[in-house]
Protein chains: 2
Amino acid sequence: MPVRLDAAAADFEPRFRALLAAKREVSPDVDATVRDILAEVRRRGDAAVIDYTKRFDALELTPETLRMPPEAIAEAHAATPPATREALEFAHRRILAHHERQRPKDDTYADALGAVLGSRWTAIESVGLYVPGGAASYPSSVLMNAVPAKVAGVERIAMVVPARAGELNPLVLAAAHIAGIDEIYRIGGAQAVAALAYGTERIAPVAKIVGPGNAYVAAAKRQVFGTVGIDLIAGPSEVLVIADGANDPTWIAADLLAQAEHDAAAQSILLTDDAAFADRVEAAVEAQLLALARGETARASWRDFGAIILVPSLDHAPPIADRIAAEHLEIATEDPDALFARIRNAGAAFLGRHTPEVIGDYVGGSNHVLPTARSARFSSGLSVLDFVKRTSVLKLGAEQLRALGPAAIEIARVEGLDAHARSVAIRLNL
Amino acid sequence: MPVRLDAAAADFEPRFRALLAAKREVSPDVDATVRDILAEVRRRGDAAVIDYTKRFDALELTPETLRMPPEAIAEAHAATPPATREALEFAHRRILAHHERQRPKDDTYADALGAVLGSRWTAIESVGLYVPGGAASYPSSVLMNAVPAKVAGVERIAMVVPARAGELNPLVLAAAHIAGIDEIYRIGGAQAVAALAYGTERIAPVAKIVGPGNAYVAAAKRQVFGTVGIDLIAGPSEVLVIADGANDPTWIAADLLAQAEHDAAAQSILLTDDAAFADRVEAAVEAQLLALARGETARASWRDFGAIILVPSLDHAPPIADRIAAEHLEIATEDPDALFARIRNAGAAFLGRHTPEVIGDYVGGSNHVLPTARSARFSSGLSVLDFVKRTSVLKLGAEQLRALGPAAIEIARVEGLDAHARSVAIRLNL
């Protein structure tokens with residue numbers, strides 16, 4: 001049974017705080033192991049990667065077979081059943097169209113003094129894309145990580161995906177083909193992250209590594225951060241559904257379960273102003289759980305981390321939603337825009353009764369890599385901006401330097417930075 | 001003596017690699033100490049902060065005196081000598097004007113199917129600004145960190161600055177006043193980072209912490225990352241000056257020293273096609289070092305980390321500059337734009353003979369918080385974007401859901417996510 005909180009009750013604040021503070025995921029401390037793996041790959045290159053892949057993935061590779069033959073990628077795509085291939089290509093087109101709008105624009109201008117200032121954006125040269133193996137090897141994630149990099153203009157995307165005992169999800173290869181990736185290595189874990197960060201004989205290093213992974217991958221990404229850039233460290237998935245009593249409770253139950261089936265540590269929260277509706281949703285969840293392939297996972301998530309929050313009216317929802325700062329926010333009400341305008345913290349918002357969050361996972365067009373664990377308070381989902389960087393530009397003539405120089409010299413002086421002052425003064429004969 | 005590399009020499013590649021790989025900074029391992037401090041502040045709040053401040057900063061505070069009286073901030077501003085105050089206000093206006101152009105725009109549109117997609121930007125609610133004490137307590141840094149947050153619309157900026165034995169740089173307070181900050185706590189170190197991240201009785205927690213600090217502060221920021229957002233971890237400063245032989249060698253020498261005086265671990269690199277010019281610059285550096293207040297620091301930096309790279313022609317500069325990926329890039333040539341167009345990795349670029357990097361430190365208008373240690377390959381300087389976050393928005397009607405639903409169901413099916421498929425299918429009566 002999920003917890004039930006009543007915003008009008010005296011004990012709401014402490015209980016809500018406890019809900020927010022609940023640790024849903026205990027990461028095993030693998031830092032020391034990962035440190036060793038990184039050092040070994042750095043020292044021994046491909047040989048170390050091959051050794052670890054044999055040990056952890058039961059896969060025998062050689063320097064020649066680390067990389068998957070590009071033909072095999074095209075073949076996996078060709079062998080994909082047409083309905084699936086068309087769905088992935090449809091998703092790809094929509095993700096592409098949305099991300100095309102995110103490309104930042106350069107801005108160069110002269111100010112009133114004639115000084116030229118600018119912001120120039122360029123693509124990151126090369127990016128490593130980590131794709132998990134096994135059950136969490138999702139073709140949709142390949143598209144979501146690869147498309148913004150491609151749109152940004154990243155010239156080289158190197159994908160790594162572990163192939164336990166040689167097994168690889170062919171749909172992951174099909175998605176890579178659709179996204180235009182042909183450099184794929186059959187490696188995973190911290191050793192793959194190390195190979196991407198430091199480079200080996202066969203694998204050129206990249207400038208940034210993105211993509212989800214297990215505790216070893218996450219720890220490795222944290223440790224190589226600085227040598228390369230990394231994306232956000234994704235935690236278990238979450239949804240907050242704000243719904244009035246006019247919804248079909250089976251629809252809302254289905255949305256809560258779509259989140260819960262991801263992971264026993266996922267979190268589904270219903271916020272409503274209608275206690276009877278909440279009861280109906282709960283009953284519908286129980287009924288739907290019975291027929292679910294991943295029912296056990298979803299049941300554990302709903303039982304351990306699910307929550308129902310009752311409010312006197314939905315007018316009380318925005319401050320609560322902002323404190324939850326959910327990865328996914330569904331607003332299933334008559335006028336969702338009005339409520340959404342009053343909420344600032346959410347990774348992605350899904351407005352109206354006909355916008356289940358799942359559409360955003362696949363074919364909406366926006367990215368499904370989103371900030372979890374309340375980090376929507378300060379961060380954003382993956383976008384083209386994660387694959388570009390900005391150089392600020394300044395260009396002065398002698399006249400502009402004369403206009404700006406004295407103030408710079410004065411600040412340098414009071415900051416005790418002599419040589420700073422001189423580098424300006426020497427040009428002004430001061 | 002700085003190293004001298006010749007791009008045309010047989011040993012260039014290994015020597016250049018060694019230059020790039022040189023570790024300029026050894027961070028002491030303070031992780032365990034910092035972990036204890038964070039835990040104590042989390043447990044005991046203000047009392048712990050006050051204890052640590054007494055121990056580390058020799059300053060006796062009470063819960064009532066943790067925060068600086070707002071009047072004291074205004075008084076420090078009023079007491080600032082007019083020339084200094086005007087210089088800081090001039091800098092503030094220019095930084096403000098440049099950053100105003102960085103505010104990202106919301107983007108909402110309907111696609112061909114009638115699905116409404118959007119990207120909505122909102123300001124981070126509250127930000128903590130760390131300002132170092134002692135010699136590195138720079139008023140310019142207060143402006144550079146505070147202005148983009150203000151422009152973004154951050155409602156609350158809480159500044160912390162250690163006041164060793166009660167001493168505070170009044171110009172830091174003056175700069176805070178100019179930037180519109182009136183919430184300042186006289187605390188520093190890991191304890192201040194903990195107070196901002198977790199909150200105490202007197203200090204409300206923030207959503208993101210920015211600003212430079214020592215090894216304890218950097219370690220604390222890394223450890224609280226996730227609970228709050230953090231900015232980039234700044235390393236020692238760097239400049240790459242690309243200069244032809246037509247420059248005044250004393251100007252270029254002054255620019256190299258302006259970087260070197262920051263820190264013995266700072267790095268100044270001259271890249272030129274003119275060996276005789278390089279000799280003249282080196283001689284000018286030696287001459288100017290004699291008259292420098294921070295001569296010892298600058299000398300150590302130039303000796304240990306300075307470098308001169310000779311190229312057969314400046315046409316060879318771009319690939320070398322991209323591998324260096326300098327925080328600051330000066331291009332002092334006749335046609336700097338042409339060269340700059342071929343370089344992609346740099347935090348900030350300063351074009352032409354009359355644009356010393358120092359202008360950008362203070363009054364150019366762009367930000368002086370920039371990526372160091374080659375991280376310009378994958379990251380950008382501080383900007384308004386660091387103080388906002390994006391929520392993606394999707395809104396469908398029944399018709400759009402019918403158009404998008406089948407592909408989503410197909411992908412959910414092949415990914416083995418039953419409940420995902422159902423959350424769409426149940427709305428389509430499938």
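Within every chain, numbering begins at 1; the chains are lettered A, B, ... in the order of the sequence lines, protein sequences first and strands thereafter.
- A side-chain donor from one of Asn345(A) and Glu125(B) sits under 3.5 Å from a side-chain acceptor of the other.
- The greatest number of non-hydrogen atom pairs below 4.5 Å with chain B, out of Gly352(A), Gly381(A), Ser137(A), is found for Gly381(A).
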Next item on the list: Walk me through it: do Ile359(A) and Gln400(B) pass the test side chain to side chain contact (heavy atoms under 4.5 Å, CB included)?
Entry: CA-CA 11 Å; Ile359(A) 294 294; Gln400(B) 289 77 40; over 6 Å; no
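- Proximity of Arg222(A) to Phe225(B): side-chain heavy atoms (C-beta onward) are separated by under 4.5 Å at one or more points.
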Next item on the list: Start with the C-alpha distance between Val424(B) and Tyr362(A), add both sets of side-chain angles, then the distance that settles side chain to side chain contact (heavy atoms under 4.5 Å, CB included), and finish with yes or no.
Entry: CA-CA 11 Å; Val424(B) 177; Tyr362(A) 297 129; over 6 Å; no
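- If you measure heavy-atom distances from Asp107(B) to chain A, the contacts under 4.5 Å come from the side chain alone.
- Between the side chain of Glu410(B) and the backbone N or O of Ala87(A), no donor-acceptor pair lies under 3.5 Å.
- Neither the backbone nor the side chain of Asp248(B) comes within contact range of chain A; no heavy atom of the residue lies under 4.5 Å from a heavy atom of that chain.
- Proximity of Lys389(A) to Arg344(B): side-chain heavy atoms (C-beta onward) are separated by under 4.5 Å at one or more points.
- If you take OG1 on Thr391(B) and CG on Leu329(A), they are separated by 8.5 Å, rounding to the nearest 0.5 Å.
- For Asn169(B), no part sits under 4.5 Å from any heavy atom of chain A, backbone or side chain.
- For Leu113(B), the part lying near chain A is the side chain, with the backbone staying farther off; criterion is any non-hydrogen pair under 4.5 Å.
- Ring planes of His420(B) and His262(A): perpendicular class, angle over 60° (limits at 30 and 60°).
- With a 4.5 angstrom heavy-atom cutoff, Ala325(B) does not touch chain A via any of its atoms.
- Here OG of Ser119(A) is found 4.0 Å from NE2 of His98(B). Values are rounded to the nearest 0.5 Å.
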